[in-house]
Amino acid sequence: MPLSLRANRAAMVCARYFAAATPSSALIQKFVTKVFIASRNANPDTWSPTRDLATRRAKRFALLSGFFFAILITSALHAHGPETRRVPDTIEQRVQACTVCHGKEGRATNYGYFPRIAGKPAGYLYNQLVNFREGRRHYAAMNRLLEYLSDDYLREIAQHFASVDVPYPPPAPDSATQSLLTLGERLAHDGDRARGIPACVQCHDLSLTGVAPNVPGLVGLPRDYLNAQLGAWRNAQRRAAAPDCMAKIANALTPDEISAITAWIASRPVPPHAKPALRFSQQSPLPCGSIDSADRR
Amino acid sequence: MRQGRILAALGVVFSVIAGYIAWANVRDESPLDDTPPATNQGRIERGKYLTLAGNCMACHTARGGIPYAGGRQIKTPFGSVYSTNLTPDREHGLGSWAASHFWRALHNGRSKDGRLLYPVFPYPHYTRITREDSDMMFAYLQSLPAVPLANRNHELRWPFNTQWALAIWRAVYFKPEAFRADPSQSKAWNRGAYLVRGLTHCGGCHATRNLLGGATQSDAWRGGVLDESQWYAPSLHDPHEASVAQWETADIVQLLSAGRTDRAVASGPMAEVVFRSTQHLEAPDLEAIATFLKSIPQDSLAADPQNYARDPATMESGEKLYRAHCEGCHGLDGQGAPGAYPALAANRAVVAERVTNVIAAMVHGGFGASTAATPRPYGMPPYIQKLSQREIAHVLTYIRGSWGNNASPVSEMTIQAYLHGTLQ
């Protein structure tokens, strides 16, 4: 490690020590860190002898006074040992276990499988968390993670991610043929009346952004994830509260049709600030256990 | 003539052994009695409390199923056992049982129809429950709504699926016994001993078992492997594992009620115990348990500090990964954050000789249990989704060898063995 980096690290450790000693000196840590970053990033192109001297003096003064102030507070309070650290008492901090896979703020990552959870309807997210905890949905990592969490906490987690409003990335390029996309669009929009298969848009809204609070949006989800869910419904690896309407639909579709629908949905760009609709625009085609009857009017 | 005599002698020996086994399996049974014990709301409430303390619900409820209606699969080295319906349904549950049948199941491990019960049902511990507590637990279970859910047949391999094999096992490893208070100890200690040895059956996981599933030592909690989940229930004697002889009573109470202290978090199966059982216990009972646990003889600390050769490149890679993924919560020096994330420095679970628990924590992540004291626990991500097996090994080697921690390095092979369920 070069000397300058080593010194920088030592200073950071000191700053952390002071910040840790008392929560109020977290501000000082922030300040010291800022000064260090500023000194590290000082741009040589705009160097001028007088300004540099002045900044250096100012920095030195700020640093010294900062340290002395921190020492003062530390010795005055001395309530915690040197190891004490504080982390933010926020729901964002508490759900870091979720965002490693589901992406920053639940906006999904580049890795194709894990779905975006940001901005999905709160009721839908809550139902899924409960389904995972109760073993109605199977994904070992989720089943284990949620095993000993209360309903109240799961509701809070669901509400947190539902309230996140961050832009969607453009759809990932896919090799689907035009004829496949056409078939997918037709099924998503019109269903297949002869076989009793409703259209996606009947429940998931015309814009496919879902309906609050219980029906999830479909646009913005990766194709792999959509395929996996419909497949899981076909072999009962994913279940919802009875009557399980999506299980019925997934079983009525052929694998080719599923592939067409998911290809088309995954190819759709998500409109900016897409949000779940507040009410259903059409009559309910099927009875659905996860949709509270009160939502349907 | 001589052959005849040998046969006769063998016959006698066989009869004596068979007679002993038969006797051992019905010893200390009280006569069955159909008169229902006095019951009232107070006794039902108390029964509910005792049933929570015994954590009956955890096994007798299938995942996502109706409480106490049974159906949870419990995997053992001998095959799978399915828990039974404890609701008062007459056909499938305990609807036709009398309190004396229930007592015989807890105390003697025999069902109403006379079948010997498998010790997956922890009657080797429950045998110490008093008749009075047993009757109140029964009164509570009988007050539940009846659920007509049929019991599922066990799927055990031969010969473990036979009653005679079970009878031999019971003759060797099980003896009904009543809890006897030790007059030289305090009231709290005796209450704690009654709970730990009986109702809360800590030895169900923390006792060491032999290949036949029998406890190797009576009245000892020297650590056991949970076959189904690979978690290791640490020894309550070993100061390097989970002895609490040096802990403050308040810390033990906090671990059992809140699910966490600043130096330990109840994880895996222990999180389940806290979530479903111990968080509901009254403070005097928790203090009694703590008093007893503190009195469990502590093994000596003496162990020569070993010098482990740690590959510098592995340590460097581990440190880099630690900075990127772990430091934000556990701190630059593994000091953790009070109330949120456990310290990794000097953490017994991190430096344990058996690496299964620390691997499980890193691979599967998890939240602590939601409890009244910690309703919104902080979570640890399941890093198997994010890091390679090699990277996980590097991080574990780094945290086991930094900040004063001095434990063996963890290899990529070990992580692989863990994931395949073959880590010994």
Side-chain angles (χ1 to χ4, degrees), chain A residues 1 9 12-17 19-20 23 80-103 109 111 113-114 130-157 160 239 241, chain B residues 58 61-65 72-73 229 259 262 266-276 279 316 323 325 327-341 343 345-346 360 363-372 374-387 403:
Chain A
M1 207 189 279
R9 193 197 153 191
M12 293 293 279
V13 171
C14 289
R16 270 162 210 277
Y17 167 85
H80 311 282
E83 292 117 32
T84 313
R85 284 171 69 248
R86 299 274 163 207
V87 289
D89 181 5
T90 57
I91 185 72
E92 288 85 356
Q93 182 69 36
R94 286 167 198 272
V95 297
Q96 295 228 333
C98 315
T99 49
V100 158
C101 294
H102 290 283
T109 61
Y111 180 58
Y113 183 76
F114 300 108
V130 171
N131 287 345
F132 277 121
R133 187 189 62 188
E134 306 291 326
R136 283 190 289 268
R137 273 188 82 168
H138 293 264
Y139 189 71
M142 289 295 287
N143 296 135
R144 275 174 186 263
L145 213 55
L146 303 174
E147 211 162 354
Y148 312 119
L149 297 184
S150 67
D151 291 351
D152 285 348
Y153 192 29
L154 293 184
R155 201 169 288 119
E156 186 187 344
I157 293 173
H160 163 68
R239 285 174 290 151
Chain B
T61 307
R63 193 159 193 168
R72 175 169 172 174
Q73 181 187 28
S229 61
D262 287 339
S267 312
M270 193 63 204
E272 175 170 21
V273 170
V274 171
F275 183 61
R276 300 196 204 285
Q279 67 156 318
E316 198 178 309
R323 294 277 195 82
H325 299 285
E327 188 209 315
C329 297
H330 292 287
L332 188 63
D333 301 307
Q335 71 271 48
Y341 303 108
V363 163
H364 303 301
F367 283 86
S370 281
T371 58
T374 312
R376 306 151 71 226
Y378 289 78
M380 159 99 178
Y383 273 103
I384 191 68
Q385 308 280 359
K386 186 88 179 171
L387 301 178
W403 325 300

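In what follows, every chain begins at residue 1, and chains take the letters A, B, ... in the order their sequences are listed.
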Minimum-distance pair of heavy atoms, taken over all atoms of [X] and [Y]:
| X | Y | answer |
| --- | --- | --- |
| A/Tyr153 | B/Pro377 | OH-O, 2.6 Å |
| A/Ser150 | B/Pro375 | OG-O, 4.3 Å |
| A/Arg94 | B/Phe367 | O-CE2, 3.4 Å |
| B/Gly379 | A/Ala97 | C-CB, 3.7 Å |
| B/Gly336 | A/Arg85 | O-NH1, 3.1 Å |
| A/Tyr148 | B/Gly268 | CE1-O, 3.5 Å |

### Query
Which residues pass the ring pair (Phe, Tyr, Trp, His ring centres under 6.0 Å) test with A/Phe132, sequence neighbours left out?
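For A/Phe132 there are no ring pair (Phe, Tyr, Trp, His ring centres under 6.0 Å) partners, ignoring immediate neighbours.
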
### Message
Quick check: do B/Cys329 and A/Val87 have side-chain heavy atoms less than 4.5 Å from each other?
### Response
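No, every pair of side-chain atoms sits at 4.5 Å or beyond.
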
### Message
Tell me if the CD atom of B/Glu316 is crowded by more than 12 foreign heavy atoms within 6.0 Å.
### Response
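No, the 6.0 Å shell around CD holds no more than 12 heavy atoms from other groups.
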
### Query
Is chain B contacted by the side chain of A/Gln93, its backbone, both, or neither, given a heavy-atom distance below 4.5 Å?
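Both parts, backbone and side chain.
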
#### Entry: Heavy-atom proximity to chain B below 4.5 Å, by part of A/Asp89
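Contact with chain B involves both backbone and side-chain atoms of A/Asp89.
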
Which one wins on heavy-atom pair count under 4.5 Å against chain B: [options]?
| options | result |
| --- | --- |
| A/Asn143, A/Leu145, A/Ile91, A/Val130 | A/Leu145 |
| A/Val100, A/Leu149, A/Ile157 | A/Leu149 |
| A/Glu147, A/Gln96, A/Arg136 | A/Glu147 |

### Query
Between B/Gly365, B/Ala340, B/Ala271, which has the largest tally of heavy atom pairs under 4.5 Å with chain A?
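Ranked by contacts with chain A, first place is B/Ala271.
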
### Message
Please check: side-chain N/O of A/Arg144 versus main-chain N/O of B/His364, any donor-acceptor pairing under 3.5 Å?
### Response
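Not at all, since once roles are kept as given, no pair shorter than 3.5 Å links the two residues.
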
### Query
Is a side-chain donor or acceptor of A/Arg133 paired with a backbone partner of B/Arg63 at a separation under 3.5 angstrom?
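Looks like no, no N/O pair under 3.5 Å.
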
### Query
Rounded to the nearest 0.5 Å, how far apart are CG of A/Leu154 and OG of B/Ser370?
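Taking CG in A/Leu154 and OG in B/Ser370, the distance rounds to 7.0 Å.
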
### Query
Considering only heavy atoms, which portion of B/Phe275 lies under 4.5 Å from any heavy atom of chain A: side chain, backbone, both, or neither?
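The answer is the side chain of B/Phe275.
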
